[in-house]
Amino acid sequence: QVELVESGGGLVQAGGSLRLSCAASSRTFSRQAIGWFRQAPGKERESVSSISGSSTGVGPYYADPVKGRFTISRDNAKNTVYLEMNNLKPEDTAVYYCAARDSPFASNWEGNFGSWGQGTQVTVSS
């Protein structure tokens, strides 16, 4: 059982930045991979980014639309994963979810993640 709580969403203008946080209540957080997903109105949920747990030697995953603009990071001492979003675009508007899996390996497939937060709204105006 992993409880995840997202925060940091809000309304920003195009070109602006936001940092999302995902706080986890997990006894094995440092060994778990965390993913960020988003779902825009009328669209399917899609993977945004994912970060591996400790000692995997595997780098993070970024979906093509966010490469070069978003950065995922984690602070295991705080049981928190962050998603720094820069140069935001209107098409980034969505509800953003974080998710955790027992495996330490990052993944872009939502079926790998067994625990989900309730999401935080990100709205980017033009």
Side-chain angles (χ1 to χ4, degrees):
Q1 180 180 343
V2 179
E3 182 177 348
L4 303 170
V5 180
E6 302 95 335
S7 62
L11 173 64
V12 297
Q13 291 186 323
S17 299
L18 283 174
R19 188 178 75 160
L20 305 184
S21 297
C22 175
S25 60
S26 174
R27 298 175 181 174
T28 58
F29 178 77
S30 66
R31 302 196 301 271
Q32 293 180 292
I34 304 295
W36 283 99
F37 298 81
R38 68 186 183 186
Q39 187 166 25
K43 299 183 65 176
E44 296 183 351
R45 188 163 59 190
E46 64 180 357
S47 176
V48 177
S49 184
S50 183
I51 188 167
S52 295
S54 300
S55 303
T56 66
V58 178
Y61 164 80
Y62 296 99
D64 286 342
V66 309
K67 286 181 179 177
R69 299 189 297 120
F70 291 11
T71 302
I72 192 170
S73 63
R74 66 191 299 159
D75 186 339
N76 290 331
K78 296 181 178 179
N79 274 23
T80 302
V81 169
Y82 305 97
L83 185 68
E84 181 72 32
M85 306 185 295
N86 299 312
N87 191 24
L88 283 161
K89 303 176 180 180
E91 50 263 46
D92 295 318
T93 295
V95 176
Y96 284 71
Y97 302 88
C98 67
R101 66 181 304 204
D102 289 338
S103 169
F105 296 104
S107 173
N108 65 350
W109 181 45
E110 66 179 58
N112 276 331
F113 296 86
S115 300
W116 293 78
Q118 293 192 338
T120 184
Q121 177 70 48
V122 172
T123 302
V124 184
S125 62
S126 60

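- Note on Ile34: it clusters hydrophobically with Ile72, by side-chain heavy-atom contacts below 4.5 Å among ILVMFWY residues.
- Atom CD of Gln121 is separated from atom CG of Leu11 by 9.5 Å, given to the nearest 0.5 angstrom.
- Val5 belongs to no hydrophobic cluster with other residues, because no ILVMFWY side-chain heavy atom falls under 4.5 Å from its own, directly or through intermediates.
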Problem set entry | Steps toward side-chain contact (heavy atoms from CB on, under 4.5 Å) verdict (Trp36, Ile51) | CA-CA 9 Å; Trp36 283 99; Ile51 188 167; over 6 Å; no
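- Between Ser107 and Trp109, the shortest heavy-atom contact is OG-N, 3.1 Å.
- Residue Val12 is grouped with residue Val66 when hydrophobic side chains (ILVMFWY) are merged at heavy-atom distances under 4.5 angstrom, including chains of intermediate members.
- Judged purely by atom type and a 3.5 angstrom limit, Thr80 has no side-chain atom pairing as donor or acceptor with the backbone of Ala23.
- Contact record, Ser50 with Phe113: OG-CZ, 3.8 Å, taken as the closest heavy-atom pair.
- Remark: side-chain polar atoms of Arg74 are paired, donor with acceptor, to backbone N or O of Ser52 under 3.5 angstrom.
- The residue from Glu46, Glu6, Glu110 that alone fulfils the salt bridge (charged side-chain N to carboxylate O under 4.0 Å, His left out) condition with Arg38 is Glu46.
- Between the Ser115 side chain and the Ala100 main chain, no donor and acceptor come within less than 3.5 Å of each other.
- Screening residues 54-107 for ring-ring contact (aromatic ring centres under 6.0 Å, His included) gives no qualifying pairs among residues at least two apart or on separate chains.
- Remark: Asn108 CG is packed, more than 12 non-hydrogen atoms of other residues, nucleotides or ligands lying under 6.0 Å away.
- No path of Ile, Leu, Val, Met, Phe, Trp and Tyr side chains, each step under 4.5 Å between heavy atoms, connects Trp116 with Val2, placing them in separate hydrophobic clusters.
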For this session: Would you check, one step at a time, whether the test side-chain contact (heavy atoms from CB on, under 4.5 Å) holds for Asn112 with Ser103?
Result: CA-CA 9 Å; Asn112 276 331; Ser103 169; over 6 Å; no
Problem set entry | side-chain contact (heavy atoms from CB on, under 4.5 Å) assessment of Cys98 paired with Val81 | CA-CA 9 Å; Cys98 67; Val81 169; over 6 Å; no
With a cut-off of 3.5 Å and sequence neighbours excluded, list every side-chain donor-acceptor pair involving residues 15-22.
| unit_1 | atom_1 | unit_2 | atom_2 | d |
| --- | --- | --- | --- | --- |
| Ser17 | OG | Asn86 | OD1 | 2.9 |

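- Here the straight-line distance linking atom CD of Gln13 with atom OG of Ser126 works out to 9.0 Å at 0.5 Å rounding.
- Atom-to-atom distance recorded for Ser25:OG and Asn79:CG is 8.0 Å, nearest 0.5 angstrom.
- Looking only at side-chain heavy atoms (C-beta outward), Met85 and Asp92 stay at 4.5 Å or farther from each other.
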Exercise. How far apart are the C-alpha atoms of Val124 and Glu91, what are their side-chain angles, what is the distance that settles it, and do they pass the side-chain contact (heavy atoms from CB on, under 4.5 Å) test?
Worked result: CA-CA 8 Å; Val124 184; Glu91 50 263 46; over 6 Å; no
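- The heavy-atom pair separating Gly9 from Val122 by the smallest distance is CA-CG2, 4.1 Å.
- The hydrophobic clustering, which links ILVMFWY residues whose side-chain heavy atoms are closer than 4.5 Å, places Leu83 and Leu88 together.
- Across every non-hydrogen atom of Val95 and Gly119, the tightest pair is CG1-CA, 3.9 Å.
- For the pair Ala63 and Ser47, the tightest heavy-atom approach, listed with the atom from each and the gap, is CB-O, 3.4 Å.
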For this session: Show your working on salt bridge (charged side-chain N to carboxylate O under 4.0 Å, His left out) between Lys67 and Asp64 and close with a plain yes or no.
Result: CA-CA 5 Å; Lys67 286 181 179 177; Asp64 286 342; 3.0 Å; yes
